[in-house]
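The structure displayed is predicted, hence computed values, not measured ones.
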Amino acid sequence: QVQLVESGGGLVQAGGSLRLSCAASGSIVTISKMAWYRQAPGNQRELVALIISSGSTNYADSVKGRFTISRDNAKNTVALQMNNLNPEDTGVYYCSARVYTSGAYSTYWGQGTQVTVSS
């Protein structure tokens, strides 16, 4: 079994910054992809940023230039540095990891952390 635990959400004013962290633990052989998703009230969950084991990254257009995703492969952690936040960034942020364990890859999710940006 694999667990993902997120931290770092909270309330911030527009223009401010937050850093989210996520740690994966359990029966992990390797992690190919780690990502952050978010879901605003009434909206579908959307991809914010992802990073693969080589370090290559991809971002949603709405966060390019403001958010930075990073990972520590040795510690099985991923972080999301969020700068110049605006109210449209409000939502529950979920960490996701594509993990190889027990002979197969599976996708795991964290419990989510709330980010609220006030105007």
Side-chain angles (χ1 to χ4, degrees):
Q1 190 62 283
V2 174
Q3 298 81 37
L4 301 182
V5 178
E6 301 126 333
S7 61
L11 173 64
V12 65
Q13 289 187 332
S17 298
L18 282 175
R19 182 176 178 86
L20 305 182
S21 298
C22 173
S25 62
S27 303
I28 298 170
V29 175
T30 188
I31 301 177
S32 60
K33 179 180 73 174
M34 303 189 83
W36 289 95
Y37 288 74
R38 69 186 178 191
Q39 187 167 18
N43 291 356
Q44 291 186 337
R45 190 173 298 187
E46 63 174 354
L47 176 67
V48 175
L50 66 85
I51 184 168
I52 63 176
S53 55
S54 67
S56 293
T57 59
N58 192 28
Y59 296 91
D61 287 342
S62 60
V63 307
K64 285 181 180 177
R66 300 188 297 121
F67 291 11
T68 302
I69 189 171
S70 60
R71 66 186 282 180
D72 185 327
N73 292 332
K75 296 181 179 179
N76 293 327
T77 59
V78 63
L80 186 68
Q81 178 65 41
M82 306 185 292
N83 298 327
N84 194 20
L85 286 159
N86 59 61
E88 289 70 38
D89 296 315
T90 294
V92 179
Y93 283 67
Y94 297 91
C95 172
S96 171
R98 186 74 173 161
V99 181
Y100 188 84
T101 179
S102 301
Y105 275 101
S106 298
T107 298
Y108 295 88
W109 295 86
Q111 79 285 357
T113 185
Q114 177 70 45
V115 171
T116 302
V117 184
S118 62
S119 58

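At least one donor-acceptor pair closer than 3.5 Å links the side chain of Glu6 to the backbone N or O of Gly112. A distance-only check finds no donor-acceptor pair linking the side chain of Thr116 to the backbone of Thr90 [under 3.5 Å]. A side-chain donor-acceptor contact under 3.5 Å links Arg66 to the backbone of Asn84. Counting only distance, with no hydrogens or angles, the side chain of Asn76 and the backbone of Ile31 share no donor-acceptor pair below 3.5 Å.
Between Thr77 and Ser21, every side-chain heavy-atom pair lies at or beyond the 4.5 Å cut-off. Looking only at side-chain heavy atoms (C-beta outward), Tyr105 and Thr30 come within less than 4.5 Å of each other. Inter-residue side-chain proximity for Ser53 and Arg71 is flagged as met; some heavy-atom pair is nearer than 4.5 Å. Side-chain contact between Thr101 and Tyr108: present, with at least one pair of heavy atoms (C-beta onward) separated by less than 4.5 Å.
Follow the hydrophobic side-chain contacts under 4.5 Å out from Phe67 and you reach Trp36 in the same cluster. Tracing side-chain contacts under 4.5 Å through hydrophobic residues (I, L, V, M, F, W, Y), one never reaches Tyr94 starting from Val115; they form parts of separate clusters. Linking Ile, Leu, Val, Met, Phe, Trp and Tyr whenever their side-chain heavy atoms come within less than 4.5 Å puts Ile69 and Leu85 in one cluster. By the criterion of side-chain heavy atoms lying less than 4.5 angstrom apart, applied directly or through intervening Ile, Leu, Val, Met, Phe, Trp or Tyr residues, Val78 is not grouped with Ile52; the two fall into different hydrophobic clusters. Linking ILVMFWY side-chain heavy atoms closer than 4.5 Å, directly or via other members, places Met82 and Tyr37 in two distinct hydrophobic clusters.
Considering OH of Tyr100 and OG of Ser27, their distance stands at 13.0 Å, rounded to 0.5 Å. Atom CD in Gln81 sits 8.5 Å away from atom CG in Leu18 (nearest 0.5 Å). Atom OG of residue Ser62 and atom CD of residue Glu88 lie 9.5 Å apart, to the nearest 0.5 angstrom. The structure places CD of Gln1 at 10.0 Å from OG of Ser25, a figure rounded to the nearest 0.5 Å. Atom CE of Met34 is separated from atom CG of Leu80 by 12.0 Å, given to the nearest 0.5 angstrom.
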### Query
Can you check side chain to side chain contact (heavy atoms under 4.5 Å, CB included) on Cys95 and Trp109, steps first, answer last?
CA-CA 6 Å; Cys95 172; Trp109 295 86; over 6 Å; no
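The one candidate from Val92, Leu47, Asp89 that meets the side chain to side chain contact (heavy atoms under 4.5 Å, CB included) condition with Arg38 is Asp89.
Listed here is the closest heavy atom pair of Ser70 and Ile51: CA-CD1, 4.0 Å. In this structure, Ala14 and Pro87 approach most closely via the heavy-atom pair CB-CD, 4.2 Å. Scanning both residues, Ser96 and Thr107, for their nearest heavy atoms gives OG-CG2, 3.5 Å. The minimum heavy-atom distance between Arg19 and Ala79, with the atom names listed, is NH2-CB, 3.4 Å. Considering every non-hydrogen atom in both Gln111 and Leu4, the closest pair reads OE1-O, 3.5 Å.
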